[in-house]
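Please read these numbers as outputs of a predicted model, since none were measured by experiment.
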Amino acid sequence: MTYLEHAQDVLGQWLAWRRADGAALVIVTATVGGAVRLPGALMAVSATGERCGYISGGCIDADVAMHALEALRSGRVERLRYGSGSPFIDLPLPCGGAIEVWVLPDPQASVLRACHDRLAARQPVTLNLSASGKLRLGHPTRTPALSFRYMPKLPGGWESRQSRSLRFHRRFQR
């Protein structure tokens, strides 16, 4: 399992796995009480059971991945609730809250590619999820649609920090 958490990273891995053998996408759609991840958090699950990203602190990720594999086999969108009010009484959340996720066995690759590419181009993007499990980009126009806003990664990495540091030092050494 790869513990990536930024949408750009998870979507990039989902796109690679989809090209290979197929992959499901898991989206946190709601939380109640304390939660490790907020609505919009993503996890990709490959057809071989590999996972990228996470939706909880680990307490339900394995079960969600199992449901993702079943959704890949059946082709049906799954809506799951864990914690308070859940049918999975053997999987309580330690925080006492609840988390709802949707498992999309065959989301539109073109929409997810566009979402990934906008984030890679350092542009914010809004991903909308319809009641039928269809995805689209942009502001919601139909209700009931769930809408998730993703921001690009912050500049980081050693190279970016070093170049900012060099610019700072050069400016004050004159």
Give the minimum heavy-atom separation between [X] and [Y], together with the two atoms involved.
X      : Y      : value
Met151 : Pro124 : SD-CB, 3.7 Å
Phe148 : Val28  : CE2-O, 3.7 Å
Trp17  : Ala44  : CZ3-O, 3.5 Å
Pro152 : His6   : C-NE2, 3.6 Å
Ala23  : Trp14  : O-NE1, 3.1 Å
Ala24  : Pro105 : CB-CA, 4.2 Å

Using 0.5 Å steps for rounding, measure from the [atom1] atom of [X] to the [atom2] atom of [Y].
X      : Y      : atom1 : atom2 : answer
Leu127 : Leu135 : CG    : CG    : 5.0 Å
Met43  : Asp61  : CE    : CG    : 5.0 Å
Ile55  : Leu42  : CD1   : CG    : 10.0 Å
Leu129 : Leu104 : CG    : CG    : 6.0 Å
Arg81  : Ile60  : CZ    : CD1   : 11.0 Å
Asn128 : Arg136 : CG    : CZ    : 4.5 Å

State, yes or no, whether a side-chain contact exists between [X] and [Y] at a heavy-atom distance under 4.5 Å.
X      : Y      : answer
His116 : Leu15  : yes
Tyr82  : Val64  : yes
Gln13  : Glu50  : no
Val32  : Ile99  : no
Val111 : Leu137 : yes
Lys153 : Asp9   : yes

Asp117: what forms a side chain to side chain donor-acceptor pair (under 3.5 Å) with it, not counting sequence neighbours?
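Listed in chain order: Arg113.
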Set of side chain to side chain donor-acceptor pair (under 3.5 Å) partners for Thr31, sequence neighbours left out:
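Here no residue qualifies.
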Other residues, nucleotides and ligands only: do more than 12 of their heavy atoms fall within 6.0 Å of CZ on Arg76?
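No, because the 6.0 Å sphere around CZ of Arg76 holds 12 heavy atoms or fewer from other groups.
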Any side-chain to backbone donor/acceptor pair from Arg51 onto Ala65? Under 3.5 Å, distance only.
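Absent.
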Backbone N or O of Gly40 within a donor-acceptor pair of the Tyr150 side chain at under 3.5 Å?
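Such a contact is found between Tyr150 side chain and Gly40 backbone.
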Between His67 and Glu78: side-chain donor-acceptor atoms closer than 3.5 Å
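Yes, Glu78 and His67 have a side-chain donor paired with an acceptor closer than 3.5 Å.
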Output, in order, the C-alpha distance, side-chain angles, deciding distance and verdict of side chain to side chain contact (heavy atoms under 4.5 Å, CB included) for Gln108 and Lys134.
CA-CA 7 Å; Gln108 301 89 316; Lys134 298 292 181 197; 3.3 Å; yes
Qualifying residue, where the test is side-chain contact (heavy atoms from CB on, under 4.5 Å) with Val103 and the options are Val26, Leu25, Val77, Leu69
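So the option named by the test is Val26.
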